[in-house]
Amino acid sequence: MVLVVPVRWVPVKLATWNVNSLNVRLPQVLTWLEEQAPDVLALQETKLEDHRFPAADLAALGYHAAFSGQKAYNGVALLTRQPPGDVLVEVPGLADNQRRVLAATVGPVRVICLYVPNGQALDSPKYTYKLEWLAAVRDWLKTEVAAHDRVAVMGDFNVAPEDRDVHSPKRWAGQVLVSEPERAAFRALLDVGLQDAFRLHEQPERVFSWWNYGRLALARNWGLRIDHILVSAALAAECRSCAVDLGPRHHERPSDHAPVTATFDSLDR
DNA sequence: ATGGTGGCGGGGCCA
């Protein structure tokens, strides 16, 4: 007689949030962690040197942390319920002083946090840096996807992939964040074997993740969807939902970005 | 509506 052992499936929640200063936003992050209880939260623009990272406050909520920060600009972190393993803070072969990349293995998932350069404007050296950075990251992600079954690449990509991710495609046509070379670079990331978790599911129209500071922008939903969760095929098959959480964007003294969350059915961690 | 704001740092840069 064959005894069939039931496999226990548990939900997994992954999230990403550009907090625009973890120092300022820490109370909001702590509240959000308690409310949403993600298994992993990827943070961008922490703007904190590592010795100032609020690891104790996060540990009090049961979160481990891996982080790669710098003063005033950039900075990424991964908050995880399970200890992060195989932490990496540099893209192999890419010389970059800016702290924009963090990878860690959490349970069965290789989690990668990205803060893609903004690019400033199409005629700026920062735009060239953005495209070169994305090309180098693409090459690296190819190796990560080859090495791991479940991969989630989360962060502020500073690219609105399609016109439906832009409140006013006409107004934004050709601008940084929506230009065709940036969109091609974004599609090249998908080409290594990743899918936009948000587009795996039916979604309302005009869902965005970033709005300019200034009250009119949010009130009129003048936003862009530039924060993304990309998943490998194995995770895509397990993805249950993906959504933007507008709650924190309406808080007092908010980040200009809202968190993006994806849930999964995954084998017991 | 790419700043009419915000963060950092203490002027100017970055987003």
Side-chain angles (χ1 to χ4, degrees), chain A residues 16-30 32 42-54 57 67-77 96-102 113-134 137 154-161 163 165-183 185-186 206-228 244 246-260:
Chain A
T16 181
W17 191 5
N18 180 324
V19 290
N20 186 19
S21 169
L22 183 55
N23 184 47
V24 172
R25 236 62 69 189
L26 180 61
Q28 294 182 36
V29 170
L30 295 175
W32 195 80
L43 300 176
Q44 302 86 39
E45 286 205 89
T46 55
K47 299 185 176 179
L48 283 174
E49 291 180 292
D50 288 348
H51 72 271
R52 294 184 58 210
F53 194 87
D57 296 289
F67 41 86
S68 177
Q70 67 182 84
K71 186 189 290 188
Y73 304 113
N74 309 310
V76 285
D96 188 4
N97 291 328
Q98 303 185 28
R99 307 292 64 187
R100 296 181 175 278
V101 167
L102 184 58
C113 175
L114 299 183
Y115 175 46
V116 176
N118 174 282
Q120 189 175 50
L122 270 64
D123 59 357
S124 167
K126 295 194 184 77
Y127 185 79
T128 307
Y129 163 63
K130 178 179 192 174
L131 294 180
E132 291 175 350
W133 191 95
L134 281 165
V137 166
M154 311 192 278
D156 176 0
F157 287 72
N158 270 317
V159 179
D163 277 354
D165 302 310
V166 181
H167 72 92
S168 175
K170 279 186 180 175
R171 171 95 32 205
W172 278 85
Q175 301 286 314
V176 71
L177 308 186
V178 311
S179 74
E180 182 49 35
E182 292 166 87
R183 288 177 165 176
F186 181 83
R206 301 178 62 77
V207 174
F208 309 121
S209 66
W210 171 85
W211 303 258
N212 192 303
Y213 279 122
R215 274 302 159 192
L216 282 182
L218 182 63
R220 301 193 177 176
N221 199 21
W222 285 334
L224 304 179
R225 193 177 69 90
I226 57 176
D227 300 270
H228 308 298
V244 176
L246 290 175
R249 189 61 182 78
H250 289 286
H251 287 163
E252 291 288 330
R253 208 176 178 188
S255 168
D256 46 350
H257 295 252
V260 180

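Just so we're on the same page: letters track the sequence lines, and every chain starts at 1.
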Quiz item: In terms of side-chain heavy atoms, does A:N74 have a donor or acceptor partner in A:R99 at a distance below 3.5 Å?
Solution: no
Quiz prompt | Between B:dC13 (P) and A:E45 (CD): distance, integer Å | solution = 18 Å
Quiz item: Out of B:dG6, B:dC8, B:dA15, which nucleotide sits closest to the side chain of A:N118?
Solution: B:dA15
Exercise. Figure out the CG/P separation between A:L177 and B:dC14, and round it to whole Å.
Key: 16 Å
Exercise. With P as the reference atom in both, quote the distance from B:dT5 to B:dG10 in angstrom, rounded to an integer.
Key: 23 Å
Exercise. Using a heavy-atom cut-off of under 4.0 Å over every strand shown, decide if A:A217 touches base, sugar-phosphate, or nothing.
Key: nothing
Quiz item: Can you check the A:L218 CG to B:dG6 P distance for me, whole Å?
Solution: 13 Å
Practice problem: Report the distance from atom CD of A:Q70 to atom P of B:dC14, rounded to the nearest whole Å. | Solution: 12 Å
Quiz item: Would you say a side-chain N or O of A:R25 is under 4.0 Å from OP1 or OP2 of B:dG6?
Solution: no
Quiz item: Between A:Y129 (OH) and B:dC14 (C1'), how many Å, whole number?
Solution: 13 Å
Self-check item: Which residue lies more 5' along DNA chain B, comparing A:Q175 with A:N18 via nearest heavy atoms
Solution: A:Q175
Quiz item: Can you tell me how far C1' of B:dG7 sits from CG of A:L22, to the nearest Å?
Solution: 13 Å
Practice problem: Kindly say whether A:W211 contributes a backbone atom to a donor-acceptor pair with the side chain of A:R249 at under 3.5 angstrom? | Solution: yes
Quiz item: Roughly how many Å is it from CG in A:N23 to C1' in B:dG7, rounded to a whole number?
Solution: 10 Å
Quiz prompt | Side chain of A:A72 - closest among B:dG6, B:dG7, B:dG9 | solution = B:dG9
Practice problem: Using modelled atom types only, decide if a donor and an acceptor are shared between the side chain of A:Q98 and the backbone of A:Y73 within a distance under 3.5 Å. | Solution: no
Quiz item: Contact class for A:R100 (heavy atom, under 4.0 Å): base, sugar-phosphate, or nothing?
Solution: sugar-phosphate
Practice problem: Could you tell me whether A:R220 contacts a base, only the sugar-phosphate backbone, or nothing, with contacts defined as non-hydrogen atoms closer than 4.0 Å? | Solution: nothing
Exercise. Using atom types as modelled and distance alone, determine if a side-chain donor or acceptor of A:S209 lies under 3.5 Å from a backbone N or O of A:I226.
Key: yes
Practice problem: Take the protein atom CG of A:L26 and the nucleotide atom P of B:dG7, then report the distance between them rounded to whole Å. | Solution: 14 Å
Exercise. Output yes when at least one side-chain N/O atom of A:R253 is less than 4.0 Å from OP1 or OP2 of B:dT5, else no.
Key: no
Quiz prompt | Check: A:V166 main-chain N/O paired with A:R225 side-chain donor or acceptor under 3.5 Å | solution = no
Quiz item: When we call it a touch if two heavy atoms are under 4.0 Å apart, what does A:W210 touch: a base, just sugar-phosphate, or nothing?
Solution: base
Quiz item: What is the nucleic acid contact for A:R215, judged by heavy atoms within less than 4.0 Å: base, sugar-phosphate only, or nothing?
Solution: nothing
Practice problem: Side chain of A:K71 only, please: which of B:dG9, B:dC13, B:dA15 is the nearest? | Solution: B:dG9
Quiz item: Can a side chain N or O of A:S21 be found less than 4.0 Å away from OP1 or OP2 on B:dC8?
Solution: yes
Practice problem: Without swapping roles, check the side chain of A:R183 against the backbone of A:V159 for a donor-acceptor pair under 3.5 Å. | Solution: no
Exercise. With the side chain of A:Y73 defined as its heavy atoms from C-beta on, choose the nearest nucleotide among B:dG6, B:dA15, B:dC13.
Key: B:dC13
